[in-house]
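Comments concern the structure below.
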Amino acid sequence: MKTTTISKLSEYVGEEVIINGWVYSIRNIGKIWFVILRDGTGLLQGVVVKGEATDHTFNMEQALNKEDSVSLRGFIKKEARSVGGYEMGVSEIKIIYPVSNEFPISPKEHGADFLMSNRHLWLRSKRQNAIMKIRHRVVKSIRDFFDNNDFILIDSPIFTSNAVEGTTNLFEVDYFERSAFLTQSGQLYQEAGATAFNKTYCFGPCFRAEKSKTRRHLTEFWMAEPEMAFVDLKENMIWAEELVAYVIKSVLQDCNKELSTLERDVEKLEKVIPPFPKITYKEAVEILNENGSSFTYGNDFGAPDETLLSAQFDKPVIIYNWPADIKAFYMKRDEIDSDLSLGMDMIAPEGFGEIVGGGQREESLDILIDRIRHHDLPLEPFKWYMDLRKYGSVPHSGFGLGLERTVAWICGTKHIRETIPFPRTMSRLEP
Ligand code: ATP
Ligand code: MG
């Protein structure tokens, strides 16, 4: 007999098959009872009827518990009213392993801390399943976008000797006889990549010792970072909006079921079509002030500022030309107003905050040395980085897209901790 999965049931209508999984719930309506099976690919209702199932199976109802691992054998039929659209007329249930205690997560309300402490089990829930499947699709669409556009994957190292975003927020680790830092961003290495391959990207974990306990910060998160030779700020912004639009389109196309489980308003996502609005930092400050905020020019936007800005648009908004003082040392200065740097951030709609940070990089060796000194960073670890300006420097740009913030926005989940399988924050290292 064929063993299959719930996701493939359309191929087995009218046939008897075996499906392995876990008991999701049990329901009794008198002469027959129902078992909902979860197999990781979907949910399936099994109908257990006296005479159709073996006697042993029919009498199993009291013995089954949520999350017992089981094997179901039975005939598949199409049933629009059932979860997933199919139903199994159960012939036999075999218990693989019974649960030894009651499953700790029940349909009743649990606190966030309890659920997070049981993250290894919480991942089995319908909602967490939907979020992880969307994350999976987002990752694939990011890779597809770059691969389809001639970007070469160049993995940046995770152990580094230099700080990209300054020395605060760095995790320092023992590295034989010296110190190393966990990477905050793979960007500097992508700049080496872009001069070797024209367009490159990395996509991996980044680490920041963020002491803030916000809904948007993890200490370990994933970032996709493209870097492109001969690309200026303007073209960089177009790449960023094309990437984000492609990701949204792919999820809308393939994750209908998951988005509906999450009760996501997809009409809002359907509006995410290029071109996105692009405003300067100065214009953003004016918008904030016109809308009753007392934000002062020269500061970085906080979460409430980003929320207020995003409320003015129904697409992501890109903010460019930032005060140089609040951007990183490697950001190129504006040629007319040297107080400005050619940075750009993208803010997601609906108050989901910044999802992209990037810009055009400084290509002049002298200015770069000056900037590193100005930021009080040691020159020695940047020697290789300066070589990129010594040997055939070119205008180049790139950005970093935060995976978890993007998933949070797409799923409409306010807290970033649900968007990564095992979140790491200041207060959480387990499970
Ligand atoms: P923020 O100001 O929101 O802390 P940032 O300006 O420090 O972010 P960048 O250095 O520009 O962030 O990083 C690029 C992208 O990486 C951000 O736009 C965001 O999507 C993501 N990101 C940055 N820090 C975190 C974090 N601690 N947790 C999750 N995602 C992050
Ligand atoms: Mg940023």
Side-chain angles (χ1 to χ4, degrees), residues 135 138-139 142 156 160 163-171 181-188 190 201-227 236-237 239-241 243-244 247 276 281 284 295 299-307 309-310 316-320 322-323 325-331 341-349 351-361 375 397-411 413-428:
R135 177 186 168 104
V138 170
V139 169
I142 290 171
S156 289
T160 62
V164 184
E165 304 284 340
T167 45
T168 48
N169 291 350
L170 274 178
F171 283 108
F181 303 108
L182 299 184
T183 185
Q184 299 167 294
S185 155
Q187 180 208 315
L188 301 190
Q190 292 311 303
Y201 72 102
C202 62
F203 193 4
C206 293
F207 304 86
R208 294 190 191 176
E210 306 268 15
K211 294 218 174 62
S212 54
K213 292 184 184 165
T214 75
R215 295 185 279 114
R216 292 175 185 167
H217 290 92
L218 295 163
T219 52
E220 178 178 332
F221 64 99
W222 282 61
M223 190 149 59
E225 296 179 89
E227 192 71 31
N236 196 31
M237 294 196 277
W239 279 108
E241 72 184 359
L243 168 65
V244 169
V247 169
F276 298 171
Y281 171 89
F295 185 90
N299 291 327
D300 201 353
F301 301 124
D305 309 310
E306 290 176 359
T307 302
L309 281 170
S310 75
V317 53
I318 298 179
I319 301 168
Y320 65 98
W322 288 69
D325 287 343
I326 55 171
K327 286 287 172 195
F329 74 90
Y330 50 71
M331 218 64 103
S341 74
L342 303 182
M344 61 115 174
D345 280 9
M346 188 190 295
I347 298 179
F352 285 95
E354 183 197 312
I355 49 171
V356 168
Q360 187 168 343
R361 322 304 187 187
H375 279 76
S397 304
F399 58 87
L401 171 79
L403 173 62
E404 289 76 15
R405 297 241 189 119
T406 305
V407 174
W409 162 43
I410 294 175
C411 292
T413 168
K414 291 287 175 205
H415 206 298
I416 197 169
R417 67 183 162 215
E418 285 183 83
T419 63
I420 184 163
F422 294 97
R424 295 291 175 251
T425 60
M426 209 180 146
S427 58
R428 187 165 291 284

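Values below: all heavy atoms of this structure, side chains included; hydrogens, waters and symmetry mates excluded. Indexing begins at 1, ligand by ligand and atom by atom, following the structure's order. We count residues from 1, following the sequence as given.
Distances shorter than 4.0 angstrom do not occur between any heavy atom of Glu404 and any atom of ligand 1. Using a 4.0 Å cutoff on heavy atoms, Asp300 does not count as a contact of ligand 1.
Checked for salt-bridge contact, Glu404 and Arg135 meet the test: a charged N lies under 4.0 Å from a carboxylate O. Between Arg361 and Glu227 there is a salt bridge, since at least one side-chain N of the basic residue sits less than 4.0 Å from a carboxylate O of the acidic one. Salt-bridge check for Arg216 with Glu306: passed, with a basic side-chain N closer than 4.0 Å to an acidic carboxylate O.
For Thr219 (side chain) and Met426 (main-chain N/O), no donor-acceptor pair under 3.5 Å exists by modelled atom type.
Any N or O atom pair closer than 3.5 Å counts here, and Met223 shares no such pair with ligand 1. The shortest N or O to N or O distance between Arg208 and ligand 1 is under 3.5 Å. Note: no N/O pair closer than 3.5 Å links Leu401 and ligand 1 by distance alone.
Taking Tyr201 as the reference, Phe146 meet the ring pair (Phe, Tyr, Trp, His ring centres under 6.0 Å) condition, with sequence neighbours excluded. Listed by chain and residue number, Tyr297, Phe301, Trp322 satisfy the ring pair (Phe, Tyr, Trp, His ring centres under 6.0 Å) test with Tyr281 (two or more places apart in sequence, or in another chain).
Against a heavy-atom cut-off of under 4.0 Å, Ile416 is close to the following atoms of ligand 1: 29 (C). The ligand atoms of ligand 1 that sit less than 4.0 angstrom from a heavy atom of Gly400 are 14 (C), 15 (C). Using a 4.0 Å cut-off to heavy atoms of Arg216, the atoms of ligand 1 that qualify are 28 (N), 29 (C).
No part of Thr219 comes within 4.0 Å of ligand 1, judged by heavy-atom distances.
When Glu220, His217, Glu210 are ranked by how near their heavy atoms come to atom 4 (O) of ligand 1, first place goes to His217.
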| Which is it for Lys327 and Asp300 under the salt bridge (Lys or Arg N to Asp or Glu O under 4.0 Å) test, yes or no, and what are the steps along the way? | CA-CA 9 Å; Lys327 286 287 172 195; Asp300 201 353; 5.4 Å; no

